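In what follows, a single structure is set out as structure tokens and then discussed.
By convention in this document, chain letters (A, B, ...) are assigned in the order of the sequence lines, proteins followed by strands, and residues within each chain are numbered from 1. Note: hydrogens, waters and symmetry copies are ignored here, and every other heavy atom, side chains too, is used. Owing to the predicted nature of the structure, the values given are computational and were not obtained by experimental measurement.
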Amino acid sequence: MTDKNGTEGKSNFIYSMIREDLAKSTLGDNPVHTRFPPEPNGYLHIGHAKAILLNYFIARDFHGKFNLRFDDTNPIKEEQEFVDSIIEDIRWLGADWEDRLFFSSDYFEVKYQFACRLIEAGRAYICDLNQEEIKEYRGTLTEPGTESPYRNRSVEENLELFEGMRKGEFPTGSRVLRAKIDMASGNLNMRDPVIYRILHADHHRTGDKWCIYPMYDFDHPFSDCLEGITHSLCSIEYSDHRPLYDWIVDRAVELVPEVVKYRSRQTEFARLNMTHTVMSKRKLRRLVEEKYVSGWDDPRMPTIAGLRRRGVTPQAIADFQERVGVSRAESTVDLALLEHCIRQELENTAPRLMAVLDPVRVVITNWPEDKTEMCEMENLPGNDSAGKREVPFSREIYIEREDFMEDPPKKFHRLSPGKEVRLKGAYVICCEEVIRDNEGNIIELRCTYDPLTRSGSDTSGKKIKGVIHWVSVQHAATIKVNLYDTLFTVENPEEDSEQDFTSHINPQSLIVCENVPAEPAVAEAKPGSRFQFLRKAYFYFDPKASADGQPVFNRIVQLKDSWAKIKKK
RNA sequence: UGGGGCGUCGCCAAGCGGUAAGGCACGGGUCUUUGGAAUCCGCAUGCGCAGGUUCGAAUCCUGCCGCCCCAGCCA
């Protein structure tokens with residue numbers, strides 16, 4: 001019904017709000033304008049991806065604009081390295097800020113001017129209380145605060161002091177600029193919040209030009225106004241800051257209307273949590289620093305860099321974001337939903353290949369020693385345009401160890417003594433003999449094939465239920481495979497406050513398989529491409545790990561396995 | 001009575017006074033040379049609880065209960 005905006009089917013409180021804004025023309029001539037405001041002090045994760053795509057899709061759906069703006073107001077924590085990685089991640093996700101890449105620090109001068117107007121209007125003052133004193137004067141959750149003895153300094157003195165702060169006349173931490181609001185407010189954020197502090201520290205962009213830096217609560221709403229952000233979306237924990245956000249916006253409109261493009265408004269939504277992982281910056285950092293993972297881009301990490309290296313596609317993440325939806329209720333989304341989105345995309349885009357992760361040798365005794373036959377197989381079932389390939393078949397092949405059972409249950413449709421199974425794209429074989437080593441381990445299966453059962457020209461009339469994958473021993477290429485699983489064994493590693501979350505680390509989160517035999521076509525695979533290793537999982541040709549010439553494939557996500565379910569019963 | 005939020009199926013989530021969408025998960029059938037995919041069917045007499053208003057309540061009112069966030073010169 002609102003196809004004009006491409007939002008049909010999307011029903012959440014933010015879209016409703018924007019439709020209403022549009023219907024009532026509250027935006028005036030302004031387009032719907034959102035932004036993503038990361039602080040460059042760490043890596044982005046899937047939770048950020050939700051926020052990025054939410055903001056970006058709103059702009060896209062309502063034909064508006066989307067800005068990328070770094071919230072770089074704390075030089076002590078921020079670094080160029082993170083700016084770079086964040087830009088790379090957001091670009092990869094596909095959120096396009098066009099030519100609107102901004103930095104909060106771009107506006108330091110106009111912010112300083114705004115702060116001066118605040119002082120002149122009697123709305124802000126320089127406070128000489130030290131950090132501890134400010135805390136004491138703030139009061140508690142249940143008791144009102146006390147007014148600072150510096151609260152009623154003259155405008156002249158405040159202006160002079162503020163200028164002195166800018167000029168570097170005072171040491172770090174000696175004074176602050178505070179908004180004069182209400183020390184008795186039930187909302188702690190309104191008890192004369194600090195809006196500027198002295199920090200003699202080099203900034204990654206402005207160098208030593210400034211030694212005073214604005215605080216988030218002052219900086220953010222004003223930056224939004226300067227950029228004409230109509231809908232400033234943030235997570236729920238900022239709800240308490242909204243009155244202050246509005247206070248700053250009101251003062252900006254009142255005191256520096258010439259630079260205010262729009263009277264921005266803040267709207268909060270619940271941030272994303274996901275099962276089987278952790279999302280807090282602190283915990284992710286511990287995983288890296290304590291070497292539970294190989295780095296921020298370890299394929300088990302929920303970071304964008306980790307998901308990328310795992311082989312997850314941006315399209316799958318976007319699909320996930322849209323399916324998760326947005327609300328104000330605290331939520332933890334099942335990892336299974338993300339996995340579903342990944343499978344759904346790869347099902348139609350990832351070419352099939354055969355590889356045997358846990359091989360056992362099969363000798364086809366009635367097949368000539370030196371004969372090789374080529375079997376034609378589809379790259380993408382049901383999609384002719386993806387073409388076909390030739391797979392060599394010969395006397396000795398590998399099959400998956402778990403595809404053979406000596407004493408199978410009734411529902412087992414794979415290979416077992418005296419039973420037949422189809423080799424995908426080739427022939428039906430029958431197991432005649434099991435060869436063991438001295439310890440009783442199966443080391444070889446001796447089978448016979450039925451010449452009438454060649455795939456595509458089967459004249460045997462046999463109805464074979466089981467189909468398994470295989471690789472010709474003689475023609476096999478060798479690859480390395482990383483079998484990734486969830487980093488944690490439990491849905492919520494943070495549930496038990498008594499126990500450290502690292503105690504739930506999954507010891508099997510990475511199983512490395514060296515020398516995995518794969519069909520020769522794997523040699524033509526390009527780093528960065530994705531495949532389905534038939535009947536097993538989707539894999540990503542990891543360009544970073546494969547740097548030394550040995551191809552490495554990361555398991556992105558397993559195929560659904562209904563046999564595993566039957567087996568459990 | 002510090003302030004601010006949230007409670008609809010196992011997990012997300014629509015719903016905005018007219019008689020509980022959808023997705024994931026789960027269970028079952030069909031089909032299948034991937035036990036994949038596809039496809040069909042099932043899955044909340046009830047929306048935290050208790051009252052009330054109304055012809056009619058998940059939606060309005062009242063009172064409870066539970067959970068989350070806030071006392072950085074972090075964002």
Side-chain angles (χ1 to χ4, degrees), chain A residues 9-12 16 37-39 41 71-74 76-78 127 129-131 134-136 138-145 172-178 184-191 193-199 213 215-217 219-220 234-243 268 270 272 275 322-341 343-344 347-348 352 354 377-378 381-382 411-414 422-426 428 453 455-456 458 464-469 491 532-537 558-567:
Chain A
K10 285 199 188 180
S11 188
N12 64 58
S16 303
E39 182 185 18
N41 74 339
D71 251 347
D72 56 349
T73 59
N74 185 354
I76 293 166
K77 290 184 161 182
E78 297 149 7
C127 183
L129 256 24
N130 65 34
Q131 203 157 169
I134 286 183
K135 185 176 176 177
E136 280 164 25
R138 184 155 35 227
T140 68
L141 291 177
T142 53
E143 294 159 333
T172 292
S174 57
R175 293 180 216 272
V176 293
L177 180 67
R178 290 228 251 169
S185 173
N187 182 340
L188 282 327
N189 296 119
M190 300 299 270
R191 321 245 259 226
V194 172
I195 56 178
Y196 261 95
R197 78 284 217 187
I198 302 171
L199 247 31
Y213 293 92
M215 297 285 290
Y216 170 87
D217 283 317
D219 184 274
H220 200 93
C234 61
S235 48
I236 289 284
E237 59 266 36
Y238 289 98
S239 299
D240 288 347
H241 296 248
R242 188 169 359 113
E268 311 86 23
L272 175 74
T275 60
E322 301 206 73
R323 286 178 192 248
V324 164
V326 51
S327 77
R328 292 181 61 94
E330 192 182 64
S331 64
T332 302
V333 175
D334 197 331
L335 211 217
L337 180 59
L338 209 212
E339 295 185 334
H340 171 81
C341 295
R343 283 192 201 99
Q344 179 149 299
E347 160 69 20
N348 301 309
R352 311 293 133 108
M354 293 193 292
M377 292 181 74
E378 294 178 289
K411 286 183 177 169
F412 187 79
H413 303 318
R414 282 111 98 149
R422 172 169 289 284
L423 297 174
K424 174 75 180 178
V428 170
T453 58
S455 194
D458 189 325
I464 305 294
K465 230 176 177 183
V467 180
I468 63 174
H469 59 282
E491 283 200 359
Q532 183 197 117
F533 288 175
L534 215 67
R535 300 206 310 129
K536 297 306 293 185
Q558 287 181 267
L559 258 40
K560 283 207 199 166
D561 186 356
S562 52
W563 168 240
K565 280 178 193 168
I566 296 169
K567 234 179 356 183

Q.
At under 4.0 Å between heavy atoms, how does the protein contact nucleotides 39-44 of chain B? Give one character per nucleotide, 5' to 3', with B, S or -.
A. ------
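At B:G15, one or more side-chain N or O atoms of A:Ser11 fall inside 4.0 Å of OP1 or OP2 (strictly under the cut-off). One finds no side-chain N or O of A:Arg197 lying less than 4.0 angstrom from the OP1 or OP2 phosphate oxygen of B:G72. At B:U32, none of the side-chain N or O atoms of A:Arg535 fall inside 4.0 Å of OP1 or OP2 (strictly under the cut-off). Applying the 4.0 Å criterion to OP1 and OP2 of B:G35, one finds that A:Lys567 has every side-chain N and O outside that range.
You won't find any donor-acceptor pair under 3.5 Å spanning the side chain of A:Arg323 and the base of B:G22, going by distance alone. For B:G36, the base has a donor-acceptor partner in the side chain of A:Glu347 [N/O atoms by modelled type, under 3.5 angstrom].
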Q: Show your reasoning for whether side-chain contact (heavy atoms from CB on, under 4.5 Å) applies to A:Met215 and A:Val176.
A: CA-CA 10 Å; A:Met215 297 285 290; A:Val176 293; over 6 Å; no
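A:Leu338 CG to A:Arg343 CZ: the interatomic distance, rounded to the nearest 0.5 Å, is 10.5 Å.
Side-chain contact between A:Ser455 and A:Met377 is absent, with no heavy atoms from C-beta onward closer than 4.5 Å.
Listed nucleotides: B:G35, B:C69, B:C73. Nearest to the side chain of A:Lys411: B:G35.
A 6.0 Å sphere centred on NZ of A:Lys411 holds no more than 12 heavy atoms belonging to other residues, nucleotides or ligands.
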